[in-house]
Amino acid sequence: MEKKWWKESVVYQIYPRSFCDSNGDGIGDLNGIRSKLDYLQNLGINVIWLSPVYKSPNDDNGYDISDYQDIMDDFGNMEDFDALLKEAHEHGIKIVMDLVVNHTSDEHKWFIESRSSGDNSKRDYYIWREGKDGKEPNNWGSCFSGSAWEWDEKTRMYYLHCFSKKQPDLNWDNPKVRDEVFNMMTFWCNKGIDGFRMDVISMISKMDGLPDGYKPEGALYGGLENTTNGPHVHEYLQEMNKRVLSRYDIMTVGECAGVTIEEAAKYAGNHGKELNMVFQFEHTSLDHEKKYGKWTDKRFYLPDLKENLSKWQRELEGKAWNSLYWCNHDQPRIVSRLGDESPLSAKCIGTVLHFMQGTPYVYQGEELGMTNCHFGSIENYRDIEILNAYKEIVEGGYRSETEMLAAFEAKGRDNARTPMQWDATKNAGFTTGTPWIMVNPNYTEINAEAELKDKDSVFYYYKKLIELRRNSRWSDIIVYGKYELLDPDNEFVFSYTRDFEGKKILVICNVSDKEVKYKLPIDVAGAGEILISNYGDVKIQEEMVLPKWFAMAVEI
Ligand code: NOJ
């Protein structure tokens, strides 16, 4: 297997709006991030993925970009960005930018021109269609509720927006659009950035003829499956690779909704013609439901989770590279979702992920064991996905408010977006002003300052996980070793081995709040050093009693 720096890295995702506010306006900013580089260096990560910092009217918190070559006013300016990039590099930290090019903001100059008349030069930069029988061109529903089509009175046509109506989809079939995007990417690469995380990149090529999506019984709209993994997506990414990516030593990760293993091997295969790795969503969909999708408080069933994560480990082995994540700005906090919000469970769940093959991503606050927020009332939410779903489903009379609020508490994106908990002072030390979204009230107990003083904290456990991967005598096994799942049907214990050039490590995690008797399914007679455990002094034996949330990795 070819060794690469991005395979040996640990990435930390920053959602700038919620990370650190330097000027008291209640919104995180670039100078706030600069002030925390020492903290990140101490944690040991070597790459930051920065959620969008470009100019934006913030309909979807920066995922609606109105100028790709400028910085959002709330976050600072280009000089602040340049300083951040320089200082991050001085700290040994690379910066990966979010690249949001499936759509722009409706306030982007291309769209303003595109919608101004039916025959202007930018008309075909977006996806415009006539209505059908006095209605939308097809049955597609937007990811943020309602139809994926918006009627434009001026030119009397519809435009496509797979997300909010302020996020019109670009028409990638137009070579001029690709030129514009590739030029813009080159601008950032020439600045010295270190890579791109590509937002919903699997959606840039829509199926010819834009056929209706599958509409289950009782659903209001059809699905968007005919927008993902479309006929030209690989062609366009290969063009991007040739014209931009291959000219720089950067890393790329594509957010690929609806990607299967076979597709992932095309996007991120060892052939190197497209991307380095993808974010897949199979494991984060295992606690969703058929009828209501993510809007449920259903929890994971461990054997399903083990099976799924192991399938990706097994089947990409030697073919493509995995990304490893529990959390990001669209997912609820894993310590609430899979754990019981205790530090012990945070450490256990971190262990499960950080010994797998792939590049791990830590989402801001995950290293502290930050939890879901338990927002209560709808007034406390800010996310467009939640607010639109509330309007459509609750106010539309389809489901009760109680049921939907329970689902938002369990799965809502705002859980990940509450301010980073820096210390126990007002607003968790995030801002001296009024935060744009509520602070999780548990900040007085869960915060960076307290954890930095406690050698037994989640922070130091994550620091050790990262150090083991990046800088230890086990680094090769942890990064490149072959993965094998043990005991697939066990409902409580997640155990597996990693194997590299005759060396082997065993990982055992009791992913439950119960004590579990466990007979090891593997010979441990010659077991060596314990790499890490969340229970002080532990010994490896053939038969063990694993206390709740027990985790360990040991050389065997
Ligand atoms: C995926 C992003 O992660 C999410 O936050 C955003 O709302 C959509 N893409 C639209 O850009």
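These values consider heavy atoms only, across backbone and side chains, with no hydrogens, waters or symmetry-generated copies. For reference, positions follow the sequence shown, starting with 1. Every number for a ligand or one of its atoms is a count from 1 in the order of the listing.
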Participant: Taking all heavy atoms of Val335 and all of Met370, pick out the closest pair and write down the distance.
Facilitator: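 Result for this residue pair: CG1-O, 3.2 Å.
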
Participant: Using salt bridge (charged side-chain N to carboxylate O under 4.0 Å, His left out) as the criterion, list what pairs up with Glu225, not counting sequence neighbours.
Facilitator: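 Listed in chain order: nothing, the list is empty.
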
Participant: For a distance cut-off of 3.5 Å, show me each N or O of ligand 1 paired with any protein N or O, plus the separation.
Facilitator:
from     : atom 1 : to     : atom 2 : distance (Å)
ligand 1 : 3 (O)  : Arg197 : NH2    : 3.1
ligand 1 : 3 (O)  : His329 : NE2    : 2.8
ligand 1 : 3 (O)  : Asp330 : OD2    : 2.5
ligand 1 : 5 (O)  : His329 : NE2    : 2.9
ligand 1 : 5 (O)  : Asp330 : OD1    : 2.7
ligand 1 : 5 (O)  : Asp330 : OD2    : 3.4
ligand 1 : 5 (O)  : Arg413 : NH1    : 3.3
ligand 1 : 7 (O)  : Asp60  : OD1    : 3.4
ligand 1 : 7 (O)  : Asp60  : OD2    : 2.5
ligand 1 : 7 (O)  : Arg413 : NH1    : 3.0
ligand 1 : 9 (N)  : Asp199 : OD1    : 3.0
ligand 1 : 9 (N)  : Asp199 : OD2    : 3.1
ligand 1 : 11 (O) : His103 : NE2    : 2.9
ligand 1 : 11 (O) : Asp199 : OD2    : 2.7

Participant: Name the orientation class of the two ring planes belonging to Phe163 and Phe144 (parallel below 30°, tilted from 30 to 60°, perpendicular beyond 60°).
Facilitator: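 Answer is perpendicular, since the angle exceeds 60°.
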
Participant: Could you check whether the rings of His329 and Tyr15 sit parallel, tilted or perpendicular, using 30° and 60° as the cut-offs?
Facilitator: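 If you compare the ring of His329 with that of Tyr15, the planes turn out parallel.
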
Participant: Specify whether His354 and Tyr462 have parallel, tilted or perpendicular ring planes, treating 30° as the upper limit for parallel and 60° as the lower limit for perpendicular.
Facilitator: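 The rings of His354 and Tyr462 stand perpendicular, inter-plane angle above 60°.
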
Participant: Among Tyr68, Tyr126, Trp110, which residue satisfies the side chain to side chain donor-acceptor pair (under 3.5 Å) criterion with Thr104?
Facilitator: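 Per the side chain to side chain donor-acceptor pair (under 3.5 Å) rule, the option paired with Thr104 is Tyr126, out of Tyr68, Tyr126, Trp110.
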
